[in-house]
Engineer: 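So that we are looking at the same thing, I have put the structure below in C-alpha cells.
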Amino acid sequence: MSVSSETLRAWAAAGWQTLPEAPRALGTLTGPDGKPLLTLAFDTHRDIITSIGYQPGEGCDEALRACAAALCSLAKGKAVMAADLLGPAEISAALEAETEMDDPLFYSAVLAVLCLKNALSSYAETRAAGYAAFKREQEQA
C-alpha cells in the first residue's frame, strides 16, 4: 500500500465525521446492500464552503473514511466551483502517498469524490430553486 496504515488510521479518526447542522448540500453514496455507505454534507457562505463533514455508513471501511476526511480537509474554505475540481490525485497528495495509490485506496478516493459530486449536484439544485423563487418574486413585484 502506498499510504501507511497509521496515516489512514489518523485521517479516518480526524474530526470530519460530523455533518453541518443546517447543510445547504447533501450527497450520499449507496452501498451494494442498498444502505448508505457514505454521506457528505456542506454549508456555504457566498459559494465558499464554510463547514463540511461526512457520516460513514455500516460498510464504510477505514480507507474510505480516510479519503473522505482528506477530501473534506481539501474542500473546506474553497469555492464550490474549485471543490468540483478535486479528485483522487489531490486526495493522494493529502494522504502523502509515497507512490501511486494502490487499486483499493484509489477506488476509495474515487468513491469519496463521487460523494462530493453528489453533494455539489444537490447544492446546484438548491441554488437553482432559490434563483427561480427570486425570479418569481421579481415578476410579481
Engineer: I would like to know whether L8 and L105 meet side-chain contact (heavy atoms from CB on, under 4.5 Å); could you show each step before the answer?
Structural biologist: CA-CA 10 Å; L8 285 180; L105 187 58; 4.0 Å; yes
Engineer: side-chain contact (heavy atoms from CB on, under 4.5 Å) for E58 and D33? Distances and angles first, verdict last.
Structural biologist: CA-CA 10 Å; E58 284 182 32; D33 59 359; 5.5 Å; no
Engineer: About how many Å separate CZ of F106 and CD1 of I91, when rounded to the nearest 0.5 Å?
Structural biologist: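 So the CD1 of I91 and the CZ of F106 are separated by 9.5 Å.
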Engineer: To the nearest 0.5 Å, what is the distance between OG on S108 and CG on L71?
Structural biologist: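 Between atom OG of S108 and atom CG of L71 there are 12.5 Å.
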Engineer: L29 and side-chain contact (heavy atoms from CB on, under 4.5 Å): which single residue from L40, N118, T39 fits?
Structural biologist: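 For L29, the side-chain contact (heavy atoms from CB on, under 4.5 Å) check succeeds only for N118.
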Engineer: If you compare all heavy atoms of C60 against all heavy atoms of L37, which two are closest, and at what distance to 0.1 Å?
Structural biologist: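 Minimum heavy-atom separation between C60 and L37: CB-O, 3.4 Å.
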Engineer: Which atoms form the tightest heavy-atom contact between V110 and P88, and what is the distance?
Structural biologist: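 Taking V110 first and P88 second, the nearest heavy atoms are CG2-CG, 3.8 Å.
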Engineer: Looking at CG of L116 and CG of L38, how far apart are the two atoms once the value is rounded to the nearest 0.5 Å?
Structural biologist: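 If we round to the nearest 0.5 Å, L116:CG and L38:CG are 10.0 Å apart.
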Engineer: Could you walk me through whether L120 and V80 pass side-chain contact (heavy atoms from CB on, under 4.5 Å), step by step?
Structural biologist: CA-CA 7 Å; L120 291 167; V80 171; 3.5 Å; yes
Engineer: With side-chain contact (heavy atoms from CB on, under 4.5 Å) as the criterion, how do F42 and K76 come out once you've worked through the C-alpha distance, each side chain's angles and the decisive distance to 0.1 Å?
Structural biologist: CA-CA 9 Å; F42 63 83; K76 185 172 182 184; over 6 Å; no
Engineer: Closer than 3.5 angstrom, by distance alone: can the side chain of D47 be matched with the main-chain N or O of A79 as a donor-acceptor pair?
Structural biologist: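 No; judged by distance alone, with no hydrogens or angles, the pair does not exist.
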Engineer: If I compare all heavy atoms of E62 with all of S5, which pair ends up nearest, and what's the gap?
Structural biologist: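 Shortest heavy-atom contact: OE1-O, 4.3 Å.
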Engineer: Just by distance, do the side chain of E90 and the backbone of G87 share a donor-acceptor pair under 3.5 Å?
Structural biologist: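 Checking the backbone N and O of G87 against the side chain of E90, a donor-acceptor pair under 3.5 Å is found.
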Engineer: Return the minimal non-hydrogen interatomic distance between Y54 and C72, and the atom names on each side.
Structural biologist: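 Where Y54 meets C72 most closely, the heavy atoms are CD2-SG, 4.1 Å.
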Engineer: Of all heavy-atom pairs between Q17 and P56, which one has the smallest distance, and what is that distance?
Structural biologist: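 Closest heavy-atom pair between Q17 and P56: OE1-CG, 3.8 Å.
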Engineer: With a 3.5 Å distance limit and no angle check, can you tell me whether S122 reaches the backbone of G27 through a side-chain donor-acceptor pair?
Structural biologist: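 Looks like no, no N/O pair under 3.5 Å.
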Engineer: What is the distance from atom OG of S121 to atom CG of L26, rounded to the nearest 0.5 Å?
Structural biologist: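 Going from OG on S121 over to CG on L26, the span is 11.5 Å.
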Engineer: First locate atom CZ of R24, then atom OG1 of T44, and finally report the distance between them rounded to the nearest 0.5 Å.
Structural biologist: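 Here the interatomic distance stands at 4.0 Å.
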Engineer: Minimum heavy-atom separation for A69 to A14, with atom names?
Structural biologist: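 Closest approach of A69 to A14, heavy atoms only: CB-CB, 4.5 Å.
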Engineer: Mind checking the NZ-CD1 spacing from K78 to I48? Nearest 0.5 Å is all I need.
Structural biologist: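 If I round to the nearest 0.5 Å, the distance is 10.0 Å.
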